[in-house]
Each structure stands twice: as structure tokens, then as C-alpha cells.
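First comes the structure, then the notes that go with it.
Each ligand, and each atom within it, is numbered from 1 in the order the structure gives.
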Amino acid sequence: MRDGVATASGTIAITRAVSPTLADCELTHIAREPIDLARAVAQHAAYEAALATLGCRVVRAPDAPGCPDAVFIEDTAVVTDEVAVITRPGAASRRGESAAVAALLATWRPVVTLTDPATLDGGDVLVVGRAVFVGLSSRTNREGLQQLGAALAPHGYVVRGVPVAGVLHLKTAATALDDHTVLVNPAWVDPTAFAPLTAIPVDPGEPGAANVVRVGTQVLVAAAFPRTAQRLRDRGYAVTTVPADELAKAEGALTCCSLLLRDTEAVSRGL
Ligand code: GLY
């Protein structure tokens, strides 16, 4: 693979605008500091542009200006080729984000909705092939794991719980690079939890680097993590970097800012 070559045509990336209330976001593990809203908006625009450059069709979900964390749309749903599972976010303040996302996803997928007492954030769900790793975190409980498993089992997926502590989500600590490999911060999650997948560790000086977005054969990495980006290039991955440090002050990482789904209609039309 070479940087900037392969694209992900047939992939839809659903995003949502940065809310003007972002400064009131939920925080779990980092200290609150001032957020430059204009800079956050600019970084989000760069992220959407990068997704488009990599071949995604970027679709904006309706704005939710009263929901501070709405930009982190990943937490509202888990989407496979067969179904969209609408989550019940672990933070009560975020539950108003889901309805509009459910209505939009119904364009492409049948929709199943998790119900009380389940809580689950999409940031805790890592799908690699038919294996679904679910972080048991401060946001996602065992009922959430079970309801997600029941929704996905008819389609051949198997869910596996992974304990998460000290960080917000499972995908703060690990994401997939391809169907055989995960990028992991071993200080935050036990790499053996993903066996038999190969686990590549982040650079030890870049603890937040494990959250990357896989777009086809490309990997989107936050610009704050150059040593991990180089580590991936050295292993043959095609890497694109984007700035995301302002959004990180709201405890959001790259995967948080999109829902990626295959445009199965385009695939069936050979597009
Ligand atoms: N601020 C991201 C979240 O807590 O969900």
C-alpha cells in the first residue's frame, strides 16, 4: 500500500456538526479546559474533508445545537452491513441525540433500538469481521452487551465483553487496522482480549494514538501522534493524518466523529 492511493468508494460517513454548546460536554477522565469552538469546527471540517478525500460520501445528520456532545455521533449507533442498532447512551445528557440519527439510518438499514436498562455507547463497540468486542465501561453495561448481541446474532456476529477502566471507551484504547489487526494501547486494555487478532502497540509516548479510523485500506490518524503514524507506515499501512486536538479536549477522538457504513446499494450496483 502507498499513502493516498486506495479509496473507499461505497462508504457513507455520517457526521454531525459541532454544537455551539460543546464546552458543556460530558467528561469522564480528563480535566475540563477551555475549548476554542472555531478551532474545533475547523478541525471537524478537516476531518470531513479527509473522509471525502479517502472516498467516503459524507452525509450530515441534522444539527443538534442543544446537545453538547452531538458531534460524537459514533456513540448513537452500531451499524453493520445488515442492521443499524440505535444505542441508549450511558450519559443521560446524550440520550436526546439518538432519534434523528435513527431516522437517518433508516434510509439504509433496518433499525433496532436498545431499551432501558441497557446502556451502550458506540465508542465501546469494535467490530472486526464477525467479532464484536464490547467495552464494559462507565457508559456500557452488561444489559447493553446482551441486547446488542441479540440484535447482531441473527446476522452471524458474536459479541465479547472487554473490561475497560481508566479511559472513556474501548475504542479510546483499541481500534482495528484491518480484519486481522488491532492498534492497542496496552496500558489501557489487555491486548490478549482481541486474540487471535494481531495487536500492534501504540508508541509508548502517545497513549491516545490507538483511536484511528479505518477507511477501506486507509487509516486516518490524529496528527498529534506522529510516531504511531510512522509505526503504521513502516508496517505498510497507508496513513492520512488530521488535526483533532481541540475536539480531544471534549474527550472525543477520531472514530467518535462519524458513523461509517457500506453503501450496500452502491455495492450491489457495482459502484
Ligand atoms: N464528551 C464525550 C462524551 O463524554 O461522551
Specify whether His44 and Tyr47 have parallel, tilted or perpendicular ring planes, treating 30° as the upper limit for parallel and 60° as the lower limit for perpendicular. parallel
Any side-chain heavy-atom pair of Ile86 and Leu114 under 4.5 Å: no
What do you reckon, does Arg139 have a nitrogen or oxygen under 3.5 Å from a nitrogen or oxygen of ligand 1? yes
Salt-bridged, Lys171 to Asp124, with N to O below 4.0 Å? no
For ligand 1, is there an atom lying under 4.0 Å from some heavy atom of Asp69? yes
Counting each atom of ligand 1 from 1 as listed, which ones have a heavy atom of Glu251 under 4.0 Å away? 2 (C)
Which residue owns the protein heavy atom closest to atom 5 (O) of ligand 1, what's the atom, and how far is it? Arg94 NH1, 2.6 Å
Quick check on Gly252 - does any of its heavy atoms sit under 4.0 Å from an atom of ligand 1? no
N/O to N/O below 3.5 Å, does that happen between Ala250 and ligand 1? yes
Quick one: do Leu232 and Val221 satisfy side chain to side chain contact (heavy atoms under 4.5 Å, CB included)? Show the steps, please. CA-CA 10 Å; Leu232 299 181; Val221 178; 4.1 Å; yes
Applying side chain to side chain contact (heavy atoms under 4.5 Å, CB included), run through Ile200 and Val182 and close with a yes or a no. CA-CA 6 Å; Ile200 297 176; Val182 286; over 6 Å; no
